[in-house]
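To start, the structure under review is shown below, and the notes come after it.
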Amino acid sequence: MKTKPRVLLVDDEAAITSNLAPFLERSGFTVAVASDGEEALGQIGGFSPDLIVMDVLMPRMDGREVLRRLRKADNWTPVILLTQVGESTERAMALEEGADDYLNKPFDPHELVARVRAVMRRARPGKRPLSSAQRLACGDLVLDRSSRRALLQAREVALTPKAVALLEYLMTHPDELITRERLLDAVWGWDYPAGTRAVDTRIAELRRALGDDPNRPRYIETVPGQGYRFVGAVEAVT
Amino acid sequence: MKWRWLTALVPAALVLLAVLLLRLGSESNPILVIRVDLATAALIVGLGASALIAVTLAVWEWVERVRRRTIRRVQAQAAEDRIRFLRRLDHELKNPLTAIRAGLANVVEAPSEDMRQKALVSVEDQALRLSRLVADLRKLAELGRYTIERSSVDVALLLREALVIAQERPEAQDRRITFSIPQAPWPLPAVYGDWDLLSLAIHNLLDNALKFTRPGDTIELRAFEDGSTVIIEVADTGAGIPDAEMPHVWEELYRGKGARGVAGSGLGLSLVRAVAERHGGQVMLRSRLGEGTVFSLRLPVARVTER
């Protein structure tokens with residue numbers, strides 16, 4: 001029998017950890033809880049988690065600092081940040097600092113479990129996650145994240161900033177079914193009933209710019225009634 | 001502000017003009033001789049300097065007093081707004097929380113599995129309602145500092161899309177929704193802004209119109225150009241808004257008498273106003289009780305270079 005994956009849950013709010021920990025355990029994980037960043041760093045050595053779910057705003061040492069220290073020590077344990085800050089630049093920063101994914105509070109616990117599973121599936125033990133790479137490539141398509149530019153066959157593709165952010169999210173979550181609601185939450189930072197159409201419009205813009213045929217996609221596949229999936233193989237390039 | 005300083009140059013300009021006339025004109029340039037003893041001269045200089053300082057100080061003090069009074073007034077207004085906001089937030093949180101606590105009590109003491117399920121569903125509904133409230137509050141807070149992505153927005157296309165979404169709503173089935181935009185002599189000009197935010201604003205206006213009308217009512221979505229402004233209007237033949245409530249409907253979490261018991265976060269119109277202001281535009285409202293309401297969103301037309 002395979003051993004259960006180990007998740008370290010870090011949040012200073014006891015109400016959250018005491019409800020989320022049993023939920024994660026029922027979902028098939030072994031869970032340890034830490035109530036702030038220092039405690040989390042202390043536990044990582046002994047518990048050796050397969051994944052860390054961590055709040056950002058915490059007393060003593062915040063989630064961002066824990067993440068920085070881990071990555072500096074060349075520890076690439078996957079991390080999902082629970083942000084309370086909705087600002088999209090904050091979210092981009094979280095990814096740049098080496099978080100594998102993030103989830104805005106308040107969230108549906110089922111969504112957290114889905115993300116934990118997806119990140120674990122994607123994780124390559126001991127290696128940097130795609131989400132912390134400066135440049136991502138999929139065949140002829142290269143996304144330079146710091147200059148916010150996309151290149152197709154070494155030629156720059158004209159994209160709006162939102163379309164770049166959308167492409168970035170899709171490329172950092174390859175082969176994962178992503179709902180429109182999740183894209184709205186992650187890229188736009190807010191959701192509204194008509195927002196799912198905004199996602200469709202931007203996806204259409206991306207496809208046009210990348211010359212991607214929705215019927216035979218090289219990059220973005222539509223999963224009818226559910227969302228989108230980046231189907232190309234993505235790798236980090238230098 | 002700066003132009004005021006030019007008035008200081010008026011006496012100098014007049015004197016220069018006089019000098020020119022005296023020098024170039026045929027008039028003779030008489031020589032004035034003023035004789036004054038030293039004591040009187042000292043007295044005149046001293047008193048003159050004192051008068052000048054006194055006048056400067058008096059003006060400065062007056063300006064300062066006006067400034068302080070304005071600051072006090074703005075602060076008092078801000079404090080009042082804050083208290084009002086907190087009171088409304090308290091009210092918006094109280095109801096779902098009360099429902100959650102009652103629901104939880106029912107979960108514990110439910111006599112049957114069926115009743116327990118019902119209680120759980122209602123608890124979840126209220127939790128989702130609180131989530132929506134928090135999401136809207138965050139949206140509103142973010143709008144203030146969110147860098148808006150600007151591009152040329154085709155208003156006709158934007159409105160048509162919003163209309164299609166509104167028509168899919170169940171309430172839309174028994175209301176008459178009409179749509180009109182000018183075609184002649186030229187089509188509606190573009191505005192320069194964030195498509196998604198503008199779409200959110202129009203969605204909120206249509207959503208309100210659907211919520212505050214009854215079956216059989218008419219809702220009109222229309223837009224026209226007024227020189228340098230595009231005016232988008234959502235008009236309805238709904239219940240209308242009492243005069244006393246009109247100035248308040250844009251305030252965060254405000255609910256008029258007619259809006260109690262209608263689902264919503266109480267932030268929809270505040271968001272519309274925030275979106276308009278971020279685009280250098282304005283919002284306006286006309287309403288007659290029992291006849292209906294017109295909400296208008298005025299946005300500056302894109303300059304040629306922005307198209």
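Here is how names work: the chains are called A, B, and so on, in the same order as the sequence lines, proteins then strands, and each is numbered from 1.
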Can you tell me if CZ on B/Arg87 sees more than 12 non-hydrogen neighbours from other groups inside 6.0 Å?
-> no
What residues, two or more places apart in sequence or in another chain, satisfy ring pair (Phe, Tyr, Trp, His ring centres under 6.0 Å) together with B/His91?
-> none
Do other residues, nucleotides or ligands put more than 12 heavy atoms under 6.0 Å from B/Met284 CE?
-> yes
Heaviest contributor of heavy-atom pairs below 4.5 Å to chain A, chosen from B/Arg132, B/Glu168, B/Glu161, is B/Glu168
What's the spacing between A/Asp108 CG and B/Leu128 CG if we round to 0.5 Å?
-> 8.5 Å
Answer whether the closest heavy-atom distance between the side chains of B/Ser151 and A/Thr160 falls below 4.5 Å.
-> no
Pairwise side-chain contact, B/Arg138 with A/Asn104, heavy-atom cut-off 4.5 Å (strictly under) | yes
Checking heavy-atom separations under 4.5 Å from chain B, one finds in residues 199-208 of chain A A/Thr201, A/Arg202
Where on A/Pro161 is there a heavy atom nearer than 4.5 Å to chain B: the side chain, the backbone, both, or neither?
-> both
Quick one: OG on B/Ser131 to NZ on A/Lys105, what's the gap to the nearest 0.5 Å?
-> 12.5 Å
Within 6.0 Å of NZ in B/Lys211, more than 12 heavy atoms from elsewhere = yes
Taking atom CD of B/Glu124 as the centre, does the number of heavy atoms from other residues, nucleotides or ligands within less than 6.0 Å exceed 12?
-> no
